[in-house]
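Reviewing the structure listed below.
Keep in mind that this is a model prediction, so the values were computed, not measured.
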Amino acid sequence: MAETKYWLMKSEPDEFGIDDLASRENQTTYWEGIRNYQARNFMRDDMKPGHKVFFYHSRANPLAIVGTMEVASEPYPDPSQFDPSSKYFDEKATEEKPRWFLVDVRLIRKFEKPVLRDDMKDVDELAEMLLLKKGSRLSIQPVTAQEWRKVHEMAGEKP
DNA sequence: GCCAACGTTGGC
DNA sequence: GCCAACGTTGGC
């Protein structure tokens, strides 16, 4: 049996929050605008359809994991890099040599009770989470199966 | 290929 | 809104 992989993706709710995802057709969107190589590499090389993803609200009040998604496509070039009118336009990217890749994600569920960053800090099982490390700003990060379970437990949800 | 200057992220 | 911690860029 293939091992399920878990991830966490950040978004600022002022830009795109979980309610925006919920209102999209099929509750699916392309995760555009990632312009960090490490985060891109995760999407391009490691994410597979069916992988599970936490949706995290950054630069928000409250800071929290607000729900779950699943990867819903193979990686493909981020269209916004070719669009001069997009704020994510990258003049050094070409159709032949795209720089930026993304995947589609589909909402699994919005937590009735978001799991607050402040509460996660107090939990031993989450002490090693990248998200909680000082100075960590990676907007897409791997999550362990244990962390996946623990956060669901805190949310009062079945993993 | 070093590293100073600049730009960005994101908690606080 | 501030600013520390990072990442990237580009002159040399």
Short N-O contact, [X] and [Y], less than 4.0 angstrom:
X	Y	value
A/K150	A/E153	yes
A/D78	A/R40	no
A/E128	A/K133	yes

Open item on the list: Evaluate A/F16 against A/F55 for side-chain contact (heavy atoms from CB on, under 4.5 Å), listing each step before the verdict.
Closed with: CA-CA 11 Å; A/F16 185 85; A/F55 193 135; 4.2 Å; yes
Open item on the list: Taking any atom closer than 4.0 angstrom to a non-hydrogen atom of chain A, what span of DNA chain C does the protein reach, first nucleotide to last?
Closed with: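 On DNA chain C, the outermost contacted nucleotides are C/dC2 to C/dG10.
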Task: Derivation and outcome, side-chain hydrogen bond (donor to acceptor under 3.5 Å, both in side chains), residues A/T144 and A/R149 - done: CA-CA 9 Å; A/T144 68; A/R149 264 185 278 109; over 6 Å; no
Which atom pairs, one a donor and one an acceptor, fall under 3.5 Å between side chains of residues 62-75 of chain A and the rest of the protein, sequence neighbours left out?
| residue | atom | partner | partner atom | Å |
| --- | --- | --- | --- | --- |
| A/E70 | OE2 | A/R106 | NH2 | 3.2 |
| A/S73 | OG | A/D104 | N | 2.8 |

Task: Within the 6.0 Å centroid threshold, strictly below: A/F54 and A/W7 - done: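 Not under 6.0 Å, so no.
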Open item on the list: Is the distance between the ring centroids of A/W100 and A/F82 under 6.0 Å?
Closed with: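 Ring centres of A/W100 and A/F82 not closer than 6.0 Å.
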TODO: Enumerate the residues from residues 121-142 of chain A whose closest heavy atom to DNA chain C is under 4.0 Å, giving them by residue number; use none for an empty result.
DONE: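 Result for residues 121-142 of chain A: A/K134, A/G135, A/R137, sorted by number.
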Task: DNA chain C: 5'-proximal contact among A/K92 and A/N36 (nearest heavy atom) - done: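 Of the two residues, A/N36 wins.
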- [ ] Could you tell me whether A/R35 contacts a base, only the sugar-phosphate backbone, or nothing, with contacts defined as non-hydrogen atoms closer than 4.0 Å?
- [x]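 Since no nucleic acid heavy atom lies under 4.0 Å of A/R35, the category is nothing.
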